There are 2 protein chains.
Amino acid sequence: MARAKHYQASTYKARTSVGYLVKRAQTAMVNGIEPAFAEHGFNLMQWIVLIYLRDGIALNAKDICAEFQYNSGALTRVIDQLEERGYIERRRSRNDRRSVELHLTDSGRELVKSLVPVVVDRLNQALSDFTRAEVSELTRLLNKLIAGSQSMASAGEAA
Amino acid sequence: MARAKHYQASTYKARTSVGYLVKRAQTAMVNGIEPAFAEHGFNLMQWIVLIYLRDGIALNAKDICAEFQYNSGALTRVIDQLEERGYIERRRSRNDRRSVELHLTDSGRELVKSLVPVVVDRLNQALSDFTRAEVSELTRLLNKLIAGSQSMASAGEAA
DNA sequence: CGGCATTAGCTGCCAAGGCAGACAATATCA
DNA sequence: TGATATTGTCTGCCTTGGCAGCTAATGCCG
């Protein structure tokens with residue numbers, strides 16, 4: 001396939017590559033938000049699980065792994081922690097007894113409600129110099145990049 | 001300061017947030033490129049060190065840590081691996097004997113030369129549906145997001 | 001010069017993530 | 001139905017990254 005040559009081997013510099021920039025952006029955002037969770041005794045991954053359950057993105061561990069590209073073994077342990085602390089419950093599914101349904105408890109629901117404004121505020125801070133149009137363009141381009149990177153991954157398998 | 005409210009607590013959904021998208025993009029890109037390094041017995045961080053030295057972004061461990069937001073203890077071990085395999089050399093600086101200058105060996109330089117085309121090709125694949133204008137806009141917005149996220153982090157400290 | 005703070009790098013320890021293997025439940029299909 | 005494959009979860013093991021503390025070298029005063 002004839003493909004646009006956005007980068008060329010002869011002129012490639014790490015610091016200008018989209019890969020580098022995405023990595024730096026991700027690190028900077030995590031560093032910005034983690035302290036806020038830490039104040040409440042949480043980390044980012046625990047938050048992800050809670051918000052996924054609240055948003056109904058996932059009902060069980062498998063869905064979270066698929067959506068967030070996370071390892072199922074590691075997730076088991078994150079869920080253990082949240083269950084120990086009483087924020088979520090495991091319930092064996094009746095339909096498929098291999099599967100474990102995850103549910104927010106009342107205290108989990110309250111926790112999410114109290115943390116959402118913190119997260120939203122941090123995001124808005126990070127985007128405070130952006131116009132609305134820029135945010136929506138960034139969102140669009142990131143989605144496109146995700147799609148393209150996934151096809152890159154599968155192309156790699158084939159090779 | 002009056003700040004644009006790009007997100008609101010009452011309508012916030014994880015999946016549409018820039019934080020989520022950046023994370024997904026980063027994971028997808030890493031998953032796409034790691035196998036290429038693995039074929040040669042490397043991982044991403046080792047590559048970062050090599051390309052930083054080649055590009056002259058860093059001369060010693062401290063610079064790499066600062067530029068890439070990486071932990072100095074962890075970096076020591078990455079450098080150990082690369083030195084053992086003969087791709088880089090440590091040389092005590094004459095000017096400041098606390099500092100250790102890092103240098104690519106000939107074999108390290110060859111390695112980088114052989115891997116750059118692989119990296120460039122994967123990046124172009126990920127961006128194959130992008131126009132040139134889109135790539136440059138994405139680059140601009142990511143740089144802006146990085147700047148904004150860093151200010152978010154320091155605002156967090158103050159609070 | 002002598003004392004104190006700072007800097008660069010390294011080590012030990014711990015937590016988190018990836019991977020492979022195990023197990024129970026389910027699906028598939030002859 | 002019975003045999004085999006697949007699925008969802010969990011466990012053990014290993015690697016990696018973060019953190020705190022250490023040492024050697026330097027800088028900065030007085």
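Values below: every heavy atom of this structure, side chains too, minus hydrogens, waters and symmetry copies. Computed from a predicted model, the values in this text were never measured in an experiment. In what follows, chains carry the letters A, B, and so on, assigned in the order in which the sequence lines appear, proteins first and then strands, with residues in each chain numbered from 1.
- Considering only the side chain of A/A61, D/dT9 comes nearest among D/dC10, D/dT9, C/dG9.
- At least one side-chain heavy atom of A/I51 sits under 4.5 Å from a side-chain heavy atom of A/V116.
- Nearest-nucleotide mapping onto DNA chain C: of A/R94 and A/N43, the residue sitting toward the 5' end is A/N43.
- Of the side-chain N and O atoms in A/S99, none sit less than 4.0 angstrom from OP1 or OP2 of D/dT7.
- As a whole-Å value, the separation of B/R98 CZ from D/dG27 P is 6 Å.
- D/dT7 atom C1' lies 16 Å from atom CG of A/L59, rounded to whole Å.
- Side-chain N/O atoms of B/R97 include one lying less than 4.0 angstrom from OP1 or OP2 on D/dA25.
- For the pair B/D63 and B/Y52, the minimum side-chain heavy-atom distance is 4.5 Å or more.
- Rounding to whole angstrom units, NZ of residue A/K62 and P of C/dA25 are separated by 19 Å.
- B/K113 and B/E110 are not joined by a salt bridge, as no carboxylate oxygen comes within less than 4.0 angstrom of a charged side-chain nitrogen.
- Remark: B/E137 does not engage A/R140 in a salt bridge, criterion side-chain N to carboxylate O under 4.0 Å.
- Going from atom CG of B/D96 over to atom P of C/dA8 covers 8 Å, rounded to whole Å.
- Shown here are the side chain to side chain donor-acceptor pair (under 3.5 Å) partners of B/Q69, two or more places apart in sequence or in another chain: there are none.
- Following rounding to the nearest Å, B/R91 (CZ) and C/dG9 (C1') show an atom-to-atom distance of 18 Å.
- Salt-bridge formation is not detected for the pair B/D80/B/R77: no Lys NZ or Arg NE/NH1/NH2 atom is positioned less than 4.0 Å from an Asp or Glu carboxylate oxygen.
- The distance from atom CG of B/N95 to atom P of C/dT7 is 18 Å, rounded to the nearest whole Å.
- Near DNA chain D, meaning a heavy atom under 4.0 Å from it, residues 65-82 of chain A has A/S72, A/G73, A/T76, A/R77 in order of number.
- Atom CG of A/L102 is separated from atom C1' of D/dT9 by 11 Å (rounded to the nearest Å).
- B/R92 comes within contact range of no nucleotide atom at all, as no heavy-atom separation falls under 4.0 Å.
- If you measure from atom CE of A/M45 to atom C1' of C/dG17, you get 10 Å, rounded to the nearest angstrom.
- Both tests hold for A/K23 against B/F68: distance to the six-membered ring centre under 6.0 Å, angle to the ring axis within 45°.
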